Amino acid sequence: MYAAADRAAGSVASPRAVLYDAVLLDRDGTLIEDVPYNGDPEKVRPVPGARAALDRLRAAGLRLAVVTNQSGLARGYFTGEQMRAVHARVEELLGRFDAWLVCPHDDADGCDCRKPAPGLVYAAARELGTTPSRCVLVGDIGRDVGAAMAAGAAGVLVPTPVTRPEEVAAAGWVATDLPAAVAEILRRQQAVQPSTPPTEPVRTALVVRSDSAGDVLVTGPAIRAVAAGAERVVLLCGPRGRAAANLLPGVDEIIEHPLPWIDPAPGPVDPEAMRSLSTRLGAVGADQAVVFTSFHQSALPLALLLRMAGINRIAAISDDYPGSLLDIRHRVPVGVPEPERALSLAAAAGHRLPDGDEPVLRLRRDAVPPRPADVGDPGYVVLHPGSAASSRACPPEVATRIVGALADAGHRVLVTGGPDERAVTARVAAAGGTDLGGRTDLAGLAAIVADASAVVVGNTGPAHLAAAAGVPVVSLFAPTVPFGQWGPYRVPTVRLGDAAAPCRDTRAASCPVPGHPCLSGVDPGDVVDALRTLAVSGGGGR
Ligand SMILES: [Zn+2]
């Protein structure tokens, strides 16, 4: 049984095992119609449905703050007194807010509070007695979403006619209007809470997550939730996810077996191997099975094997009709972050994170070895150019220029990669970093990542190792799968790369577009700027 006391110590802001404590709202274009540099309370017009939507959040116990850029103050277009009158009128129309956070600066001031800098989000979380990762910010432009992500908060974009298409493409979470954003926030909050506890106690739970390291890592919170409600947890994983499975808290025993309907390069189905897997799963003696999958994978073939093994309580997400293969058929809309998607399945199966645990990625501390002494003191930046799927890897020539730019900006750079990526890491590191290609297994890489100031990485396993360590990520994210589902979870992040590139949503393993345009256009200077936004300085400190 996994209990709160087994957990790694962390920043636990609230004992309630829900996603959010607070909703932060941009002002102009989000709560009220955008009247440029408005100093006149008579011109305040709420967007349609704003009052009712905000009252729903208040009724659900969420605290509310306004986070707003008001450069009109710096430019002298209105006075502080006029702004306060406007805010009084906003509260008259929309009800009270628990906090107001205003950036009075201009872009030229270089402050750390003008969105997309994360300063207002940090300040709002502090004032509301919570942490950024327990906040969700709603705004109408890319600056709002950028500020949320850079602080490790969730960001919902509610586009207006002036929102640029590239801002919409880059956002991981888009809602049609404020009431729709509020409805989805409340739905996601509710979805990780079981409506009823399990009807019968669970002695042994069999949880399943096939596929690769990243998939296993993002399922960690859901597995901890199951573990909190079961005496023993057995995890079935595939060979590519085994090293990650070893790192997960709450897992008592691991069974490794490839599943040909999940593996991207499957061998033929061997009837004898399937029969022996079914027998082996039956021997686990599970009184419940929870089968976790990605949005494009089917849980049903395994459900059949589990039925044949005599397991009679099976839960899984399935859009396809499951007949009598599932006892709990759960469904999740597209766009939900993978960790929350899995947590909602655990909830449907009657499980939730124990009070005090946070819905964040975590690793077993005893499974991560000490960091090798020869990599130097903490405070370096890790650049991990490769990926299991080449469509999600950073082109080596781009990675090389990034290393050069980071070194010029005073960063110590460690270049990491697997044994089969040594040629690339050597070439990339030659531009001014230290080559660690092939030096570590996944646990060793986790140790190196944990002491980094930031990790520069594509959509691949080490991004999730960074999230598990709370280390900020510069995400070179190929849009082959949705960023909102696969982006680094609940950790300060800056997303780079062309989110609207033609590979978008293709799920391609190798880039289908000549020149790999989604990442080949990344400007190394933007990586340096991203680290500045994440408050990672070139002096080695954080
Ligand atoms: Zn500011």
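As the structure lists them, so they are numbered: ligands from 1, and atoms in each ligand from 1. Quantities reported herein were computed from a predicted structural model and do not represent experimental measurements.
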For Gln70 and Thr68, which I'm curious about, is there any donor-acceptor pair between the side chains at under 3.5 Å? yes

Open item on the list: Can you see whether Trp173 has Arg188 sitting over its ring - NZ or CZ less than 6.0 Å from the centre and within 45° of the normal?
Closed with: yes

_So does Tyr20 get a backbone contact from the side chain of Gln189, meaning a donor-acceptor N/O pair under 3.5 Å?_
yes

The complete set of side-chain hydrogen bond (donor to acceptor under 3.5 Å, both in side chains) pairs with one or both residues in residues 46-61, sequence neighbours excluded, reads Arg51-Asp55, Asp55-Arg58

So the salt bridge (Lys or Arg N to Asp or Glu O under 4.0 Å) pairs with at least one residue in residues 488-500 (sequence neighbours excluded) are none

Within a strict 2.8 Å cut-off of the Zn ion (ligand 1), protein N/O/S atoms tallied 4

Residues pairing under salt bridge (Lys or Arg N to Asp or Glu O under 4.0 Å) where one sits in residues 88-98, two or more places apart or in two chains, turn out to be Arg63-Asp98, Arg89-Glu92, Arg96-Asp98

